[in-house]
Amino acid sequence: MRFTAPLRFATLSPLIALTLVGACAEPFEARVARFQQLPAPSGQTFTIQSRDARKAGGLEFATYANLVTQRLEAVGYRPAADPRAATLVVNFDYAVGMPRERIESTPGFGYGYGGFGPYGGFGYGGFGRRGYGGFGYGGGFGGFGYGGFGGYGGFGGYGYGPEVYSVTQYNSYVDMRINRVADNVSVFEGRAETVATTNDLTKLVPNLIAAMFTNFPGNSGQTVKVRVDTSKHAG
(Lines give C-alpha, C1' and ligand atoms only; values in the text may rest on other atoms or scores of the structure.)
Protein backbone atom coordinates (compact mmCIF):
# COMPACT_ATOMS: atom_id res chain seq x y z
CA MET A 1 0.00 0.00 0.00
CA ARG A 2 1.21 3.52 -0.77
CA PHE A 3 0.90 6.58 1.42
CA THR A 4 0.61 10.01 -0.08
CA ALA A 5 3.37 12.28 1.21
CA PRO A 6 1.98 14.87 3.67
CA LEU A 7 1.98 18.51 2.71
CA ARG A 8 4.82 20.58 4.24
CA PHE A 9 4.26 24.06 5.57
CA ALA A 10 7.11 26.57 5.96
CA THR A 11 6.91 28.46 9.23
CA LEU A 12 8.90 31.31 10.74
CA SER A 13 10.15 31.11 14.29
CA PRO A 14 8.68 33.76 16.60
CA LEU A 15 12.03 35.57 16.89
CA ILE A 16 12.47 35.80 13.11
CA ALA A 17 8.92 37.07 12.71
CA LEU A 18 9.51 39.71 15.37
CA THR A 19 12.68 40.82 13.61
CA LEU A 20 10.82 41.28 10.35
CA VAL A 21 8.05 43.23 12.06
CA GLY A 22 10.61 45.42 13.85
CA ALA A 23 12.23 46.25 10.54
CA CYS A 24 9.06 48.06 9.45
CA ALA A 25 9.12 51.66 10.62
CA GLU A 26 6.23 52.61 12.85
CA PRO A 27 4.96 56.11 13.62
CA PHE A 28 6.63 57.74 16.62
CA GLU A 29 4.12 58.21 19.45
CA ALA A 30 4.48 60.54 22.42
CA ARG A 31 2.36 61.76 25.31
CA VAL A 32 2.29 65.55 25.51
CA ALA A 33 1.08 67.64 28.47
CA ARG A 34 0.85 71.43 28.21
CA PHE A 35 -0.21 74.32 30.44
CA GLN A 36 -0.21 77.70 28.80
CA GLN A 37 -1.25 81.34 28.85
CA LEU A 38 0.97 82.18 25.92
CA PRO A 39 -0.05 85.44 24.20
CA ALA A 40 -0.61 85.34 20.45
CA PRO A 41 2.46 86.40 18.45
CA SER A 42 2.68 90.19 18.18
CA GLY A 43 6.37 90.93 17.78
CA GLN A 44 7.62 89.06 20.86
CA THR A 45 11.23 87.89 20.73
CA PHE A 46 12.78 84.94 22.52
CA THR A 47 16.04 83.41 23.60
CA ILE A 48 16.65 79.76 24.54
CA GLN A 49 18.48 78.59 27.64
CA SER A 50 19.30 75.16 29.01
CA ARG A 51 17.54 74.15 32.21
CA ASP A 52 20.54 71.91 32.91
CA ALA A 53 23.71 73.97 33.35
CA ARG A 54 25.85 70.96 32.33
CA LYS A 55 24.37 71.07 28.82
CA ALA A 56 24.61 74.83 28.31
CA GLY A 57 27.07 75.89 25.62
CA GLY A 58 27.40 72.39 24.14
CA LEU A 59 26.99 71.53 20.48
CA GLU A 60 24.34 68.92 21.26
CA PHE A 61 22.16 71.41 23.13
CA ALA A 62 22.68 74.01 20.39
CA THR A 63 21.45 71.49 17.79
CA TYR A 64 18.20 70.84 19.64
CA ALA A 65 17.77 74.51 20.55
CA ASN A 66 17.95 75.32 16.85
CA LEU A 67 15.05 72.92 16.21
CA VAL A 68 13.00 74.68 18.89
CA THR A 69 13.89 78.06 17.34
CA GLN A 70 12.61 76.90 13.95
CA ARG A 71 9.34 75.74 15.52
CA LEU A 72 8.76 79.00 17.39
CA GLU A 73 9.53 81.01 14.27
CA ALA A 74 7.03 78.91 12.32
CA VAL A 75 4.20 79.97 14.69
CA GLY A 76 5.14 83.67 14.65
CA TYR A 77 7.70 84.38 17.40
CA ARG A 78 11.12 85.82 16.54
CA PRO A 79 14.58 84.97 17.92
CA ALA A 80 16.09 87.96 19.69
CA ALA A 81 19.10 89.56 17.99
CA ASP A 82 20.38 90.33 21.49
CA PRO A 83 19.40 87.70 24.12
CA ARG A 84 19.44 90.42 26.80
CA ALA A 85 16.65 92.25 24.96
CA ALA A 86 14.35 89.22 24.51
CA THR A 87 10.78 89.48 25.76
CA LEU A 88 10.50 85.71 26.33
CA VAL A 89 12.97 83.19 27.78
CA VAL A 90 12.61 79.56 26.70
CA ASN A 91 14.06 77.09 29.20
CA PHE A 92 14.59 73.75 27.50
CA ASP A 93 15.77 70.31 28.64
CA TYR A 94 15.87 66.70 27.42
CA ALA A 95 16.94 63.33 28.81
CA VAL A 96 16.70 59.57 28.42
CA GLY A 97 16.34 57.19 31.35
CA MET A 98 18.07 53.95 32.30
CA PRO A 99 17.12 50.74 30.45
CA ARG A 100 14.40 48.53 31.82
CA GLU A 101 13.16 45.14 30.68
CA ARG A 102 9.61 44.28 29.64
CA ILE A 103 8.62 40.62 29.45
CA GLU A 104 6.50 39.51 26.48
CA SER A 105 5.42 36.16 25.07
CA THR A 106 4.12 34.55 21.89
CA PRO A 107 1.31 31.97 21.85
CA GLY A 108 1.95 28.32 20.99
CA PHE A 109 0.91 26.82 17.67
CA GLY A 110 -0.24 23.38 16.47
CA TYR A 111 -1.36 21.99 13.12
CA GLY A 112 -2.75 18.59 12.05
CA TYR A 113 -3.80 17.00 8.76
CA GLY A 114 -5.25 13.75 7.37
CA GLY A 115 -3.81 11.54 4.67
CA PHE A 116 -5.47 9.81 1.72
CA GLY A 117 -6.41 6.12 1.70
CA PRO A 118 -5.05 4.19 -1.25
CA TYR A 119 -8.35 2.56 -2.15
CA GLY A 120 -10.96 3.92 0.15
CA GLY A 121 -12.14 7.39 1.02
CA PHE A 122 -10.33 10.16 2.84
CA GLY A 123 -8.73 9.52 6.19
CA TYR A 124 -9.33 11.94 9.06
CA GLY A 125 -6.23 13.16 10.84
CA GLY A 126 -6.43 14.66 14.32
CA PHE A 127 -4.94 18.02 15.24
CA GLY A 128 -1.49 17.86 16.80
CA ARG A 129 -1.08 18.53 20.46
CA ARG A 130 1.21 21.53 21.16
CA GLY A 131 4.78 20.46 21.58
CA TYR A 132 8.24 21.92 21.22
CA GLY A 133 9.23 21.56 17.61
CA GLY A 134 8.23 17.85 17.29
CA PHE A 135 5.27 16.06 15.85
CA GLY A 136 2.02 16.38 17.74
CA TYR A 137 -0.01 13.33 18.58
CA GLY A 138 -2.62 12.48 15.98
CA GLY A 139 -3.83 9.85 13.61
CA GLY A 140 -7.39 9.52 12.45
CA PHE A 141 -9.69 6.87 11.16
CA GLY A 142 -9.96 5.68 7.55
CA GLY A 143 -13.14 6.20 5.58
CA PHE A 144 -14.97 3.49 3.71
CA GLY A 145 -13.94 2.69 0.10
CA TYR A 146 -16.07 1.28 -2.61
CA GLY A 147 -15.26 -2.38 -2.45
CA GLY A 148 -11.71 -1.60 -1.31
CA PHE A 149 -9.93 -0.91 1.91
CA GLY A 150 -10.61 2.05 4.12
CA GLY A 151 -8.28 5.07 3.92
CA TYR A 152 -5.65 5.86 6.49
CA GLY A 153 -5.70 8.87 8.76
CA GLY A 154 -2.76 11.28 8.72
CA PHE A 155 -0.25 12.07 11.41
CA GLY A 156 -0.62 14.96 13.80
CA GLY A 157 0.94 18.23 12.65
CA TYR A 158 3.86 20.36 13.67
CA GLY A 159 3.65 22.49 16.80
CA TYR A 160 5.58 24.61 19.29
CA GLY A 161 4.81 26.01 22.69
CA PRO A 162 4.63 29.62 23.95
CA GLU A 163 7.91 31.54 23.90
CA VAL A 164 8.86 34.13 26.51
CA TYR A 165 11.35 36.90 25.73
CA SER A 166 12.35 40.35 27.03
CA VAL A 167 12.39 43.77 25.34
CA THR A 168 14.71 46.58 26.49
CA GLN A 169 12.93 49.95 26.78
CA TYR A 170 13.90 53.52 27.62
CA ASN A 171 11.83 56.45 28.88
CA SER A 172 12.77 59.79 27.32
CA TYR A 173 11.37 63.32 27.40
CA VAL A 174 11.77 66.93 26.42
CA ASP A 175 10.70 69.67 28.80
CA MET A 176 10.04 73.30 27.88
CA ARG A 177 9.09 76.34 29.95
CA ILE A 178 8.60 79.86 28.59
CA ASN A 179 8.79 82.85 30.95
CA ARG A 180 7.85 86.43 30.25
CA VAL A 181 10.95 88.52 30.95
CA ALA A 182 9.10 91.62 32.18
CA ASP A 183 7.75 89.92 35.32
CA ASN A 184 9.36 86.43 35.14
CA VAL A 185 5.89 84.81 34.95
CA SER A 186 5.56 81.42 33.29
CA VAL A 187 3.32 81.56 30.21
CA PHE A 188 3.97 78.05 28.89
CA GLU A 189 4.95 74.73 30.49
CA GLY A 190 5.10 71.59 28.38
CA ARG A 191 6.47 68.07 28.49
CA ALA A 192 6.60 65.41 25.75
CA GLU A 193 7.62 61.88 26.70
CA THR A 194 7.78 58.47 25.11
CA VAL A 195 8.85 54.88 25.69
CA ALA A 196 11.14 53.46 22.99
CA THR A 197 13.50 50.57 22.35
CA THR A 198 16.38 52.97 21.64
CA ASN A 199 18.26 55.49 23.77
CA ASP A 200 19.59 57.42 20.76
CA LEU A 201 18.85 61.07 21.61
CA THR A 202 19.59 62.16 18.03
CA LYS A 203 16.52 60.16 17.01
CA LEU A 204 14.35 60.75 20.08
CA VAL A 205 14.72 64.48 20.75
CA PRO A 206 13.80 65.79 17.27
CA ASN A 207 10.64 63.66 17.30
CA LEU A 208 9.74 64.72 20.83
CA ILE A 209 10.15 68.37 19.81
CA ALA A 210 7.90 67.73 16.81
CA ALA A 211 5.30 66.21 19.15
CA MET A 212 5.55 69.20 21.54
CA PHE A 213 4.84 71.62 18.69
CA THR A 214 1.98 69.66 17.16
CA ASN A 215 -1.06 71.97 17.47
CA PHE A 216 1.10 74.33 19.54
CA PRO A 217 0.51 75.80 22.09
CA GLY A 218 -2.39 73.40 22.69
CA ASN A 219 -5.23 73.45 25.19
CA SER A 220 -4.06 74.25 28.69
CA GLY A 221 -4.30 71.37 31.13
CA GLN A 222 -4.71 68.66 28.50
CA THR A 223 -2.55 65.60 28.00
CA VAL A 224 -2.75 64.26 24.46
CA LYS A 225 -1.24 61.39 22.49
CA VAL A 226 0.61 62.62 19.39
CA ARG A 227 1.89 60.61 16.43
CA VAL A 228 4.83 61.95 14.44
CA ASP A 229 6.03 61.00 10.96
CA THR A 230 9.59 59.90 11.74
CA SER A 231 10.71 60.28 8.12
CA LYS A 232 10.22 64.05 8.45
CA HIS A 233 11.43 64.69 11.98
CA ALA A 234 14.05 62.06 12.83
CA GLY A 235 17.58 63.34 13.32
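Start at 1 with the first residue, then count along the sequence. Atom set for the values below is all heavy atoms of this structure, side chains included, hydrogens, waters and symmetry mates excluded. The shown structure was predicted, so the numbers you read here are calculated from the model rather than taken from an experiment.
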- Return each pair, listed once, that meets salt bridge (Lys or Arg N to Asp or Glu O under 4.0 Å) where at least one residue sits in residues 81-91; pairs must be two or more places apart or across chains. D82-R84

- Task: Could you pull out the closest heavy-atom pair between P99 and Y170, with the gap in Å?
- Result: CB-CE2, 3.4 Å

- Can you tell which of V68, V174, V226 makes a side-chain contact (heavy atoms from CB on, under 4.5 Å) with M212? V174

- Query: Is the distance between the ring centroids of Y173 and Y94 less than 6.0 Å?
  - Reply: no

- Decide whether N219 and R34 meet the rule of one side-chain donor and one side-chain acceptor closer than 3.5 Å. no

- Would you say Y77 and L88 make side-chain contact, with heavy atoms under 4.5 Å? yes

- Query: Are F216 and F188 close enough that their ring centers fall under 6.0 Å?
  - Reply: yes

- Could you tell me whether the side chains of E189 and S186 share a donor-acceptor contact shorter than 3.5 Å? yes

- Item | Heavy-atom side-chain contact between T223 and R31 under 4.5 Å | yes

- Message: Does S172 form a side-chain contact (heavy atoms from CB on, under 4.5 Å) with L208? I'd like the steps, not just the answer.
- Response: CA-CA 9 Å; S172 59; L208 287 168; 3.8 Å; yes

- Applying salt bridge (charged side-chain N to carboxylate O under 4.0 Å, His left out), run through E73 and R71 and close with a yes or a no. CA-CA 5 Å; E73 284 187 285; R71 294 285 180 171; over 6 Å; no

- S50 side chain to D52 side chain, donor-acceptor N/O pair below 3.5 angstrom: no

- Item | Donor-acceptor under 3.5 Å (N207 side chain, K203 main chain) | yes

- Message: Return the CG to CD1 distance between L67 and I209, rounded to the nearest 0.5 Å.
- Response: 4.5 Å

- Please check if V224 and L38 belong to a single hydrophobic cluster, counting links between Ile, Leu, Val, Met, Phe, Trp and Tyr side chain heavy atoms closer than 4.5 Å. yes

- Item | T168 and E101 side chains, donor-acceptor separation under 3.5 Å | yes

- Item | Test side-chain contact (heavy atoms from CB on, under 4.5 Å) applied to T194 and L204, step by step | CA-CA 9 Å; T194 193; L204 294 167; 4.3 Å; yes

